[in-house]
Amino acid sequence: MPAIALIGALDTKPAEYAFLRDRIGELGASSVLIDVGVLGEPGLSALAQSHTITRQTVAQAGGGELDELRRVGDRNSAMTVMGRGAAVIVLELVARGEVDAVLAVGGSNAAYVMAEVCAALPLGLPKVLVSTIAAGDTTAYVREADLTLMYPVVDINGLNRLSRPVLANAAAACVGMASAPRESTDDGALVAVSMFGVTTVCGSSVVTGLDEHGIEAVTFHCTGVGGRTLESLVRSGGVQAVADLTTTELADELVGGVCSAGASRLTAAASAGVPQVVSVGALDMVNFYGPERVPSQFQTRHLYPHNPAVTLMRTSVDECAELGRRIAARINPSTGPVAVLFPHQGLSQLSVPGAPFHDPAADHALYTNLRATLRADIVVHDFDTDINDPAVSAAAVDLLATWLEKETR
């Protein structure tokens with residue numbers, strides 16, 4: 001019988017959580033109520049006849065004391081503590097095999113707590129959030145988790161003819177996912193590959209080449225969240241090597257594009273000692289939305305409409321010089337095997353000779369500053385081709401296969 005962790009504020013949502021608890025029971029599963037409310041008193045209807053982890057326990061797990069949180073009355077600080085505590089508790093329950101799925105309902109506070117919980121949980125464990133934030137920008141809540149979102153249509157404010165079927169469906173979805181047979185985790189090494197539309201040929205060739213060596217690879221789309229997810233997976237120990245051939249998100253971080261993955265991009269493998277092959281894929285561009293949303297200071301720059309919703313801007317000589325220095329600075333601390341592949345005839349499909357972003361001076365600035373800043377013992381492999389040429393992907397496959405084979409001896 002699967003068990004569902006119901007995470008929520010039992011002072012403001014007692015009826016909703018009592019409904020979910022009862023519905024889960026009717027479906028043949030059990031539930032654990034985890035109370036993350038702070039300011040009010042928990043509703044008795046939700047607590048009765050339930051396995052409940054109290055708010056006092058959650059606060060302590062988060063490094064705080066409930067009485068002090070209530071005395072201060074700062075909702076922001078309280079949610080920080082309760083989110084951290086809920087994550088600790090749920091992770092322990094999952095590790096002991098006492099929870100098979102997690103479910104939360106509510107507004108932005110419930111979404112924040114759920115985000116903290118999901119960030120600590122393994123990939124594949126069912127995670128469902130019913131929240132009004134599901135119809136807006138959910139980036140801050142989904143983060144890098146495999147979180148399922150449901151929009152409740154109406155606010156989560158009591159039970160009515162609209163909220164009941166939504167909550168019933170959420171309960172059924174959770175129980176169904178938790179009851180389904182789990183996919184077995186394959187043995188052997190897993191390689192993370194970074195990819196963008198204009199470097200797809202390279203990334204796909206790496207995946208195919210590794211498969212021929214019996215090595216599984218997964219690709220990450222470098223739109224910001226893709227890079228953050230890659231880094232998170234490396235830090236969690238979920239991959240054994242990285243083919244980070246598309247580092248375009250660093251350009252968006254530097255210039256202010258919409259696909260930045262933040263300052264921790266290209267750092268996880270270096271600090272974890274995970275083997276990595278690094279290249280400069282799509283560093284010839286910065287991403288913006290439609291042309292009307294390109295910042296005014298860039299309107300005179302070299303712009304290219306990728307599609308009606310995406311406008312690309314060619315990186316300049318100065319920007320490329322700084323990107324070269326940043327790549328070197330982020331991989332210099334590497335404690336594991338690392339190599340750089342540099343294609344001198346195009347960083348993407350758009351910068352090969354004759355293409356819109358062809359700019360040898362900018363590419364040269366990237367290369368010279370990368371080499372000048374790079375640790376002396378890190379090898380740079382030069383290619384008189386563009387990044388999508390088979391020679392580049394073949395070199396990446398050979399390096400990774402060799403390193404992984406040595407690790408398994």
**Student:** So, Glu116 and Arg84, do they make that salt bridge, N to O below 4.0 Å?
**Tutor:**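 No, Glu116 and Arg84 are not salt-bridged.
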
**Student:** Between Glu319 and Arg326, does at least one N-O distance fall below 4.0 Å, as a salt bridge requires?
**Tutor:**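 Looking at Arg326 together with Glu319, the answer is no, because their closest N to O distance does not fall below 4.0 Å.
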
**Student:** Look at the side chain of Ser348 and the backbone N and O of Ala282, then say whether any donor-acceptor pair between them is shorter than 3.5 Å.
**Tutor:**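 Not a single qualifying donor-acceptor pair exists.
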
**Student:** Check the angle between the aromatic planes of Phe357 and His302 and answer parallel, tilted or perpendicular using the 30° and 60° thresholds.
**Tutor:**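 Because their plane-to-plane angle is over 60°, the rings of Phe357 and His302 count as perpendicular.
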
**Student:** Do other residues, nucleotides or ligands put more than 12 heavy atoms under 6.0 Å from Arg161 CZ?
**Tutor:**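 Incorrect, the count does not exceed 12.
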
**Student:** Hey, are Arg371 and Asp382 close enough for a salt bridge, meaning a charged N less than 4.0 Å from a carboxylate O?
**Tutor:**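 Judged by the 4.0 Å cut-off on N to carboxylate O distance, Arg371 and Asp382 do form a salt bridge.
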
**Student:** Heavy atoms only: give me the nearest Leu341-Leu245 pair and the separation to one decimal.
**Tutor:**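 That closest heavy-atom pairing would be CD1-CD2, 4.2 Å.
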
**Student:** Looking at every heavy atom in both Ala272 and Thr335, which two are closest together, and how far apart are they?
**Tutor:**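 Looks like C-OG1, 4.2 Å.
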
**Student:** Is there a donor-acceptor contact under 3.5 Å from the side chain of Arg70 to the main chain of Leu39?
**Tutor:**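 Yes.
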
**Student:** Start with the C-alpha distance between Asn287 and Leu312, add both sets of side-chain angles, then the distance that settles side chain to side chain contact (heavy atoms under 4.5 Å, CB included), and finish with yes or no.
**Tutor:** CA-CA 5 Å; Asn287 294 263; Leu312 307 176; 3.2 Å; yes

**Student:** Check whether the ring centres of Phe342 and His381 lie less than 6.0 Å apart, and answer yes or no.
**Tutor:**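 No, too far apart.
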
**Student:** Using a distance-only test with no angle check, is there a side-chain donor-acceptor pair under 3.5 angstrom linking Thr267 and Arg235?
**Tutor:**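 Arg235 and Thr267 do have a side-chain donor-acceptor pair below 3.5 Å.
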
**Student:** For Thr373, is there any backbone N or O sitting under 3.5 Å from a side-chain donor or acceptor partner on Asn332?
**Tutor:**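 Yes, because the side chain of Asn332 sits within donor-acceptor range (under 3.5 Å) of the backbone of Thr373.
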
**Student:** Within the supplied structure, the quantity of interest is the number of heavy atoms (other residues, nucleotides, ligands) at a distance under 6.0 Å from Arg75 CZ; does it exceed 12?
**Tutor:**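 Incorrect, the count does not exceed 12.
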
**Student:** Would you find a donor on one side and an acceptor on the other, under 3.5 Å apart, between the side chain of Asp146 and the backbone of Gly124?
**Tutor:**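 Side chain of Asp146 to backbone of Gly124, a donor-acceptor pair under 3.5 Å: yes, one is there.
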
**Student:** Determine whether a donor-acceptor pair (N or O, by modelled atom type, separation under 3.5 Å) exists between the side chain of Arg325 and the backbone of Asn369.
**Tutor:**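 No, the answer is negative, given that no donor and acceptor are paired below the 3.5 Å cut-off.
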
**Student:** Over all heavy atoms of both residues, which pair between Leu125 and Asp100 is shortest? Give the atoms and the distance, please.
**Tutor:**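 Taking every non-hydrogen atom into account, CD1-O, 3.6 Å.
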
**Student:** List the steps, then state whether side chain to side chain contact (heavy atoms under 4.5 Å, CB included) holds for Thr12 with Asn109.
**Tutor:** CA-CA 11 Å; Thr12 60; Asn109 284 331; over 6 Å; no

**Student:** Can a salt bridge be assigned to the pair Asp155 and Lys13 using a cut-off of 4.0 Å between side-chain N and carboxylate O?
**Tutor:**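 No, Asp155 and Lys13 are not salt-bridged.
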
**Student:** What residue among Asp35, Ile34, Ile89 forms side-chain contact (heavy atoms from CB on, under 4.5 Å) with Ile7?
**Tutor:**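 Going through the options one by one, the only one that passes is Ile34.
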
**Student:** Taking the side chain as everything from C-beta on, heavy atoms only, tell me whether Leu121 gets closer than 4.5 Å to Leu91.
**Tutor:**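 Yes, at least one pair of side-chain atoms sits under 4.5 Å.
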
**Student:** Would you indicate whether Tyr289, at its atom OH, is surrounded by more than 12 heavy atoms from other residues, nucleotides or ligands within a distance under 6.0 Å?
**Tutor:**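 Not buried by this count: 12 neighbours or fewer within 6.0 Å.
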
**Student:** Restricting to non-hydrogen atoms, name the atom on Gly28 and the atom on Pro2 that form the minimum distance, rounded to 0.1 Å.
**Tutor:**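 Heavy-atom minimum between the residues: O-CD, 4.4 Å.
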
**Student:** Main chain of Ala268, side chain of Glu231: is a donor-acceptor contact present, judged purely on distance under 3.5 Å?
**Tutor:**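 Yes; at least one donor-acceptor contact below 3.5 Å.
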
**Student:** Judged by atom type as modelled, is there a donor-acceptor pair below 3.5 Å linking the side chain of Ser260 to the main-chain atoms of Glu249?
**Tutor:**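 Answer holds: no.
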
**Student:** Could you tell me whether the side chain of Thr208 and the main chain of Ser204 form a donor-acceptor pair under 3.5 Å?
**Tutor:**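 Yes; at least one donor-acceptor contact below 3.5 Å.
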
**Student:** Keeping the roles fixed (side chain from Asp284, backbone from Leu347), state whether a donor-acceptor pair exists under 3.5 Å.
**Tutor:**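 It does not hold such a pair.
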
**Student:** Is any NZ, NE, NH1 or NH2 atom of the basic residue among Glu26 and Arg23 found under 4.0 Å from an Asp or Glu carboxylate oxygen of the other?
**Tutor:**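 So Glu26 pairs with Arg23 through a salt bridge.
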
**Student:** Mind listing the closest non-hydrogen atom pair of Val193 and Ala217 along with its distance?
**Tutor:**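 Between these two residues, the closest heavy atoms are CG2-CB, 4.0 Å.
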
**Student:** May I ask you to decide if Gly106's main-chain N or O and Ser131's side chain share a donor-acceptor pair within less than 3.5 Å?
**Tutor:**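 Yes, because the side chain of Ser131 sits within donor-acceptor range (under 3.5 Å) of the backbone of Gly106.
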
**Student:** Is it the case that the side chains of Asp318 and Ser316 hold a donor-acceptor pair, with the cut-off being a distance below 3.5 Å and no angle test?
**Tutor:**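 Distance-only check fails for Ser316 and Asp318.
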
**Student:** Between Met285 and Cys259, does a side chain to side chain contact (heavy atoms under 4.5 Å, CB included) hold up when you go through it step by step?
**Tutor:** CA-CA 11 Å; Met285 62 188 65; Cys259 289; over 6 Å; no

**Student:** In sequence, state the C-alpha distance, the side-chain angles, and the governing distance for Glu65 and Gln60, and then conclude on side chain to side chain contact (heavy atoms under 4.5 Å, CB included).
**Tutor:** CA-CA 6 Å; Glu65 292 294 335; Gln60 289 171 358; 3.8 Å; yes

**Student:** Taking all non-hydrogen atoms of both residues, which atom of Met177 and which atom of Val128 are closest, and how far apart?
**Tutor:**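 Heavy-atom minimum between the residues: CE-CG2, 3.4 Å.
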
